[in-house]
2 protein chains.
Amino acid sequence: LSEAGNAKLLSVLGGKVETPPPVWLMRQAGRYLPEYQAVRTKAGSFWTMCMTPELAAEVTLQPIQRFGFDAAIIFSDILVVPFALGVDVTFEEGVGPRLKAIKDTKNLARDRPVWAQKLAPAYAALRLVRPRLDAGRALLGFAGAPWTLATYMAEGGGSTDQRAAKLWGYRDPEGFAALLDLIGDCVAQHLIAQLDAGADAVQIFDSWASGLPEAAFLDWVVEPTKRIVDTVRKAKLGAKIIGFPRAATQRGYEIYAQETGVDAVSVDTAASPEWAAAVLGSEVVVQGNLDPIALIAGGAALADAVATIISAMQGVPFIFNLGHGILPETPPEHVTQLVTLLRDKR
Amino acid sequence: LSEAGNAKLLSVLGGKVETPPPVWLMRQAGRYLPEYQAVRTKAGSFWTMCMTPELAAEVTLQPIQRFGFDAAIIFSDILVVPFALGVDVTFEEGVGPRLKAIKDTKNLARDRPVWAQKLAPAYAALRLVRPRLDAGRALLGFAGAPWTLATYMAEGGGSTDQRAAKLWGYRDPEGFAALLDLIGDCVAQHLIAQLDAGADAVQIFDSWASGLPEAAFLDWVVEPTKRIVDTVRKAKLGAKIIGFPRAATQRGYEIYAQETGVDAVSVDTAASPEWAAAVLGSEVVVQGNLDPIALIAGGAALADAVATIISAMQGVPFIFNLGHGILPETPPEHVTQLVTLLRDKR
């Protein structure tokens with residue numbers, strides 16, 4: 001057992017019901033925290049924070065120190081994998097990430113030691129966090145899923161409709177499948193290395209899983225994720241993996257829960273908690289799904305939203321989280337209110 | 001019977017299966033057409049086109065003339081309703097719509113003759129189109145749904161997460177319900193007047209119905225739509241109404257189909273056609289749901305996507321459409337390919 005061997009979150013990932021449920025928030029180390037902003041200013045850029053283990057470790061621990069969350073997730077970015085694959089990544093303030101868009105896979109790096117070297121700051125950060133994390137708290141690693149990373153790599157940045165990646169996939173299904181395979185190899189290696197560096201579990205973020213016709217969802221989301229899960233489990237027997245195919249259809253979430261082999265599925269805000277508990281809960285651990293905007297609103301709206309989720313999740317192995325990342329405008333005192341609501345329930 | 005009395009689309013809205021199905025495309029009068037661009041250049045602005053009946057009528061008919069679609073939808077914009085309510089609307093090239101954001105309802109116009117006067121160009125355009133439309137083609141009116149319009153009015157423009165409207169709804173549920181009621185009154189009046197001006201059926205666009213927790217979906221999408229449908233049906237017995245709660249969850253679509261009273265539900269690209277046929281098809285007529293990006297791709301991807309939909313919709317009263325509006329980058333010859341694929345099937 002690691003220091004986190006008795007962590008509530010790992011108990012739930014093992015299939016046990018914990019009351020109150022463990023809680024962490026996607027992007028919990030983020031701009032809504034003044035102490036994060038201070039480090040961000042000192043670092044000069046978001047990417048520098050990701051690539052400097054001491055800074056990444058510091059901000060990873062900030063929300064644990066302030067709120068006592070049940071898990072720390074290593075501060076990094078999903079775009080470290082495209083970076084490892086040889087795609088230049090820059091972050092412009094207020095604009096978001098910019099990548100050199102690719103049209104084929106021929107210039108991508110295929111050399112695993114090169115990937116490992118470029119991804120090394122994340123492993124160093126995990127090794128710094130591990131001994132500084134209280135017993136009972138889990139440490140999470142993560143990576144973007146191949147489909148979501150492909151949307152950034154094809155488009156050269158974020159996009160509202162994932163047009164460039166879809167067009168690639170529609171026009172050149174085999175070439176696109178080869179791209180997803182290559183990204184998947186790098187993602188799997190990255191997840192394994194994070195587990196080796198001290199992560200207790202890992203989450204795969206497929207942030208752009210919405211809007212795909214079902215056949216594309218199966219080929220571009222489900223299959224590549226299953227391939228990664230299989231590879232990680234082969235290297236790390238019993239590795240705990242959370243999947244987040246954000247805003248999939250209900251059928252999509254069900255197929256993902258049944259087919260990919262993940263231990264837990266994180267659901268977005270629109271998913272009915274009753275449905276998630278009944279349908280997904282019979283296959284996997286459920287994580288989610290407070291509206292990040294209800295957390296900005298606070299007050300009665302927040303209390304009602306929390307009560308709705310907690311009530312639906314009675315008797316289900318469940319991890320409390322948001323339906324999407326926490327927003328920069330979130331008052332930290334509302335996060336305190338949330339944790340109090342959860343832990344004072346009983 | 002109007003001139004469109006024998007229109008295939010109206011036959012389907014009446015519950016009949018038509019093979020091949022009638023087809024029209026959301027935003028079919030749009031920037032992908034060079035003849036539209038010519039009128040747009042002449043008019044000087046998008047809003048001028050909406051507000052000039054002769055221009056609106058001209059572009060409404062262009063895609064019918066070029067592709068022979070089964071329905072013409074009047075060229076207008078969902079933001080004419082906020083405009084009628086007294087909210088200034090401007091369209092900036094490449095930026096999208098800008099509105100003067102509202103924080104309460106007190107300065108909104110409540111005078112029905114004022115609404116009618118501001119919305120009059122749409123009715124004049126319908127009267128111009130009606131006699132110029134071939135027999136057998138249906139004429140559609142439309143409006144935005146209260147929730148979607150509220151997102152624009154609260155934010156002062158488009159938004160990716162509908163934050164301002166959600167915050168209003170979470171913090172001030174009664175005030176927000178009053179806003180939705182007022183918008184709904186104007187929408188209902190607008191739909192009735194379009195039916196009076198010659199529309200054979202109307203569509204209600206709830207473009208931002210995704211991402212809502214289920215309770216909010218019921219209060220902000222389903223209830224306001226039901227209220228509008230009831231009001232329209234009271235004034236126009238047997239009025240045919242299509243609803244489009246875009247990217248709702250499957251539960252959301254089901255509840256919408258069961259509760260709002262619409263005749264047809266238009267589904268987005270992620271909805272499985274098999275599911276839509278089996279589950280929604282037992283309640284309502286189904287419309288949708290080709291990926292607009294498959295239409296840009298063309299070729300085998302387009303043919304496969306069309307075949308998947310057509311195969312699932314056998315025996316179901318069904319209207320072929322996109323899952324979202326046609327994109328400006330769409331090659332018009334791919335639209336020709338689509339119509340040929342549909343009509344040469346049998």
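Throughout, protein chains are lettered first and strands after them, A, B, ... in sequence-line order, and every chain is numbered starting at 1. Computed from a prediction, not measured in an experiment: that's the story for all the values here.
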So does [X] have more than 12 non-hydrogen atoms from other groups sitting under 6.0 Å from [atom1]?
X: B:R163; atom1: CZ; result: yes
X: A:E174; atom1: CD; result: no
X: B:R171; atom1: CZ; result: yes

Between [X] and chain A, which part of the residue has a heavy atom less than 4.5 Å away: side chain, backbone, both or neither?
X: B:N289; value: neither
X: B:A297; value: both
X: B:L327; value: side chain

(message) Can you tell me how far apart CD (A:Q250) and OG1 (B:T249) are? Round to the nearest 0.5 Å.
(response) 4.5 Å
(request) Enter the distance from B:E329:CD to A:L167:CG here, rounded to the nearest 0.5 Å. (result) 9.0 Å
(message) With chain B as the partner, which of A:D268, A:I296, A:D304 has the greatest number of non-hydrogen pairs under 4.5 Å?
(response) A:I296
(request) Find the one option among A:P213, A:A301, A:G298 whose heavy-atom pairs under 4.5 Å with chain B are most numerous. (result) A:P213
(message) Between B:A247, B:A215, B:A294, B:S210, who has the most heavy-atom pairs with chain A when the cutoff is under 4.5 Å?
(response) B:A294
(message) Below 4.5 Å, heavy-atom pairs only: which of B:K166, B:R251, B:E214 has the largest tally toward chain A?
(response) B:R251
(request) Could you give me the CA-CA distance, side-chain angles and deciding distance for A:D291 and B:Y170, then say whether side-chain hydrogen bond (donor to acceptor under 3.5 Å, both in side chains) is met? (result) CA-CA 11 Å; A:D291 188 349; B:Y170 285 146; 2.6 Å; yes
